[in-house]
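In listed order, ligands and their atoms are each counted from 1.
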Amino acid sequence: TFRSRSAFKLLELDAKFRFLRRGQVVVDLGAAPGGWSEAVLSRLSGPAKEETPSLSAKIIAVDLLPIIPIPGVDIIQGDFLSPVTQAKLAALLNADSGSRGLVDVVVSDMCHNISGNRIRDVESSLELCSAAFEFARVHLRGVGAGALVMKHFAHPILDAFRKERLELSFRKVHYSKPQASRGESSEGYWVCVGWKGSSL
Ligand code: SAM
């Protein structure tokens with residue numbers, strides 16, 4: 001069982017696009033109460049198959065709200081848009097000699113409370129998506145590997161962001177609306193795979 005039904009959205013996305021693997025370093029943005037982190041943990045520590053488990057496996061969860069501890073997950077409470085939180089995150093990543101500050105997968109379920117004012121909702125979604133993308137751009141590991149999964153508000157402005165930023169940086173940007181989120185009409189997820197590298 002998971003802390004949130006959102007966990008099933010992430011598992012559904014991973015079943016479809018296969019971005020989680022044992023031994024990865026994963027950053028979970030907008031993680032409270034912790035369902036996605038638990039889902040990631042279950043995928044990263046699943047039964048060993050052919051892959052050798054890596055010692056550098058790591059999950060870092062970030063949220064404005066407190067998260068009840070999850071064994072195996074590092075938690076940072078703070079605003080992801082604030083430089084203080086970003087510095088804490090970078091420090092945690094750098095402290096681990098195995099990860100050398102790099103990340104395999106960034107997942108973001110961040111969203112603000114829908115205000116009902118469409119322009120504000122679109123602006124906030126764009127701001128959170130841009131910040132997640134910027135973080136991924138700086139921290140994603142090698143070319144080819146590396147995935148960014150994020151929730152976004154459905155709107156032409158977000159479609160432009162996908163075209164102008166995401167599609168230039170990733171080999172493939174999938175759009176998906178998991179079964180588990182069918183009630184929430186304005187939200188969708190992007191699963192960006194095949195990081196092209198930070199030269200752009
Ligand atoms: N994925 C989570 C789970 O499975 O438990 C649910 C996440 S909930 C839909 C969205 C979260 O985004 C909220 O907990 C909210 O506090 C967080 N959030 C929104 N803006 C944020 C920001 N600027 N920095 C950090 N977290 C943020």
Residue, atom name and distance, where the atom is the protein heavy atom closest to [atom]:
atom	result
atom 7 (C) of ligand 1	G30 O, 3.1 Å
atom 5 (O) of ligand 1	G35 N, 2.9 Å
atom 19 (C) of ligand 1	C111 O, 3.2 Å
atom 4 (O) of ligand 1	S4 OG, 2.7 Å
atom 22 (C) of ligand 1	D79 OD1, 3.6 Å
atom 20 (N) of ligand 1	L64 CD1, 3.7 Å
atom 1 (N) of ligand 1	D109 OD2, 2.8 Å
atom 8 (S) of ligand 1	A32 O, 3.9 Å

For M110 against A132, the heavy-atom pair lying closest together:
CE-CB, 4.5 Å
Which segment of [X] sits under 4.0 Å of ligand 1 when only heavy atoms are counted:
X	value
L128	side chain
K151	side chain
S37	neither

Assess the side chains of H155 and D121: does a donor N or O sit below 3.5 Å from an acceptor N or O?
no
When you compare the side chains of S37 and D28, does any donor N or O come within less than 3.5 Å of an acceptor on the partner?
yes
Starting from the C-alpha separation in whole Å, work towards a yes-or-no answer on side-chain contact (heavy atoms from CB on, under 4.5 Å) for Y189 and D109.
CA-CA 9 Å; Y189 290 85; D109 200 18; 2.7 Å; yes
Within a distance under 4.0 Å of any heavy atom of [X], pick out the atoms of ligand 1 and give their elements.
X	answer
A31	2 (C), 3 (C), 5 (O)
L65	14 (O), 16 (O)
G78	24 (N), 25 (C)
G34	5 (O)

Which distance, rounded to the nearest 0.5 Å, do you find between the [atom1] of [X] and the [atom2] of [Y]?
X	Y	atom1	atom2	result
E167	D159	CD	CG	9.5 Å
S108	L128	OG	CG	6.5 Å
R141	W195	CZ	CH2	14.0 Å

Indicate yes or no for a side-chain donor-acceptor contact from D14 to the backbone of L20 under 3.5 Å, with no hydrogens or angles considered.
yes
Between V62 and L89, does the side-chain contact (heavy atoms from CB on, under 4.5 Å) criterion hold? Intermediate values first, please.
CA-CA 8 Å; V62 182; L89 186 48; 4.2 Å; yes
Which Ile, Leu, Val, Met, Phe, Trp or Tyr residues join I119 in one cluster when any pair of side-chain heavy atoms under 4.5 Å counts as a link?
none
Between [X] and ligand 1, does any nitrogen or oxygen pair lie at a separation below 3.5 Å?
X	value
D63	yes
F80	yes
M110	no

Step through the shown structure and confirm whether more than 12 heavy atoms of other residues, nucleotides or ligands are within 6.0 Å of CG on N113.
no
